Asker: 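Sharing a structure below in structure tokens format, with a few things to ask.
These numbers come from a predicted model, not from an experiment.
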Amino acid sequence: MKTRKIIPVMLPVVLIISAFFALTVSAQTITSNETTTASVVSKIPQPSYTVNIPETISVTTTRPLAKYENAQTDRLGNPINLKERFTVSATDVRNLLNGSQLKITIGNLGETFTLTSGTNTIPITLGLKNGETDSEYTLGSEFALFKNDIDLLAGQTNSKDGYIQFNRAKISAGGTYAGTLTFNIAIKGAN
């Protein structure tokens, strides 16, 4: 009696398993010495990423200090050159081909960046934060290179700190000054 009950239960399970693993294969039948071709298709996913760029970089409210043009600080000890830091980062960086990186540049080579208020302008310098060292940035040059998240070492992130800097002694008049930075994003292939 037990044998009869086990066989009907096992048979449907075997049929379900074989149906689950069934593959559809279309083959060509060759009946003589013929040449045939087969198509091979592989879908390679497109690179994907999210780049986070600050919507605004707020500059500390200040006032013109023309008399301190060649000084490092004003009479109160405040720096004449003001720096406002910003961070550019990338998250969910995937599917960059081997050796490729996500390249971020700001502006174009040969450009200068200024803040304007009516006809008044303030020249702005951009810079890079490299560890504890700051260095001047040339518009249009490489600001940051980011790689696939999976290739980052423990504790690493795809982020780069920069700053805008201006000399308060270069402010000729009060007003609300504004400017626009253009961030360019491209995939840089392996060299």
Side-chain angles (χ1 to χ4, degrees), residues 16-28 36-62 72 79-116 122-167 177-191:
I16 291 171
I17 291 173
S18 64
F20 181 72
F21 289 105
L23 297 175
T24 304
V25 178
S26 59
Q28 298 177 19
T36 187
T37 60
S39 296
V40 177
V41 177
S42 177
K43 184 176 182 182
I44 308 297
Q46 293 292 321
S48 64
Y49 48 84
T50 301
V51 177
N52 305 298
I53 297 168
E55 188 174 327
T56 59
I57 303 169
S58 298
V59 177
T60 305
T61 304
T62 189
Q72 294 298 314
I80 299 300
N81 289 315
L82 291 180
K83 287 183 183 179
E84 296 294 339
R85 300 202 179 279
F86 63 91
T87 300
V88 174
S89 63
T91 56
D92 301 320
V93 181
R94 293 186 209 114
N95 305 321
L96 295 176
L97 296 178
N98 192 23
S100 295
Q101 294 180 304
L102 198 57
K103 180 180 177 182
I104 312 295
T105 60
I106 304 174
N108 296 305
L109 288 172
E111 288 181 340
T112 57
F113 179 57
T114 59
L115 297 178
T116 60
I122 304 171
I124 299 294
T125 303
L126 272 81
L128 297 169
K129 180 85 173 152
N130 297 311
E132 296 300 315
T133 307
D134 291 346
S135 60
E136 192 168 320
Y137 172 77
T138 302
L139 288 172
S141 65
E142 183 179 286
F143 179 79
L145 284 177
F146 299 140
K147 53 188 169 182
N148 285 315
D149 287 350
I150 198 168
D151 296 329
L152 295 173
L153 300 175
Q156 278 187 323
T157 60
N158 277 323
S159 67
K160 183 68 173 179
D161 293 326
Y163 62 87
I164 62 170
Q165 175 178 293
F166 67 96
N167 184 325
Y177 288 80
T180 302
L181 289 175
T182 303
F183 290 82
N184 307 298
I185 303 165
I187 296 175
K188 177 183 176 183
N191 290 333

Asker: Taking all non-hydrogen atoms of both residues, which atom of Glu136 and which atom of Tyr163 are closest, and how far apart?
Answerer: N-OH, 4.3 Å
Asker: Please state whether the rings of Phe143 and Tyr137 are parallel, tilted or perpendicular, taking 30° and 60° as the class boundaries.
Answerer: perpendicular
Asker: Atom OG1 in Thr56, atom CD in Glu84: separation rounded to 0.5 Å?
Answerer: 11.0 Å
Asker: Using the side chain to side chain contact (heavy atoms under 4.5 Å, CB included) rule, take Asn95 and Gln46 through it: C-alpha gap first, then chi angles, then the decisive distance, then the call.
Answerer: CA-CA 6 Å; Asn95 305 321; Gln46 293 292 321; over 6 Å; no
Asker: Considering all heavy atoms of both residues, which atom of Leu128 and which atom of Lys160 are nearest to each other, and what is their separation?
Answerer: CD2-CE, 4.1 Å
Asker: Would you call Thr125 and Asn81 a side-chain contact if the rule is heavy atoms closer than 4.5 Å?
Answerer: no
Asker: Just do the side chain to side chain contact (heavy atoms under 4.5 Å, CB included) check on Lys83 and Asp134 with the steps written out, would you?
Answerer: CA-CA 11 Å; Lys83 287 183 183 179; Asp134 291 346; 2.5 Å; yes
Asker: So which atom in Gly189 and which in Ser100 form the shortest heavy-atom distance, rounded to 0.1 Å?
Answerer: CA-OG, 3.7 Å
Asker: Looking at Asp151, Asn158, Leu145, which one forms a side chain to side chain contact (heavy atoms under 4.5 Å, CB included) with Gln101?
Answerer: Leu145
Asker: Could you give the distance from NZ (Lys188) to CD1 (Ile104), rounded to the nearest 0.5 Å?
Answerer: 12.5 Å
Asker: What's the shortest heavy-atom distance between Ala90 and Leu102, and which atoms?
Answerer: CB-CD2, 4.2 Å
Asker: How many angstroms lie between atom CD1 of Ile164 and atom CG of Leu126, to the nearest 0.5 angstrom?
Answerer: 7.0 Å
Asker: To the nearest 0.5 Å, tell me how far Tyr177 OH sits from Ile122 CD1.
Answerer: 5.0 Å
Asker: Looking at Val88 and Pro54, what are the two nearest heavy atoms and their distance?
Answerer: CG2-CD, 4.4 Å
Asker: Without swapping roles, check the side chain of Asp149 against the backbone of Asp92 for a donor-acceptor pair under 3.5 Å.
Answerer: yes
Asker: Mind checking whether Ile185 and Tyr49 have side chains closer than 4.5 Å, heavy atoms only?
Answerer: yes
Asker: Could you give the distance from OG (Ser58) to CZ (Phe86), rounded to the nearest 0.5 Å?
Answerer: 13.0 Å
Asker: Return yes if some donor-acceptor pair links the side-chain N/O of Asp161 with the main-chain N/O of Thr87 below 3.5 Å, else return no.
Answerer: no
Asker: Please determine whether side chain to side chain contact (heavy atoms under 4.5 Å, CB included) holds for the pair Phe146 and Leu96, giving the CA-CA distance in whole Å, both sets of side-chain angles, and the decisive distance to 0.1 Å.
Answerer: CA-CA 10 Å; Phe146 299 140; Leu96 295 176; over 6 Å; no
Asker: Stepwise, does the side chain to side chain contact (heavy atoms under 4.5 Å, CB included) test hold for Lys147 with Gln156?
Answerer: CA-CA 11 Å; Lys147 53 188 169 182; Gln156 278 187 323; 4.0 Å; yes
Asker: Between atom CG of Asn184 and atom CG of Leu139, what is the distance when rounded to the nearest 0.5 Å?
Answerer: 10.0 Å
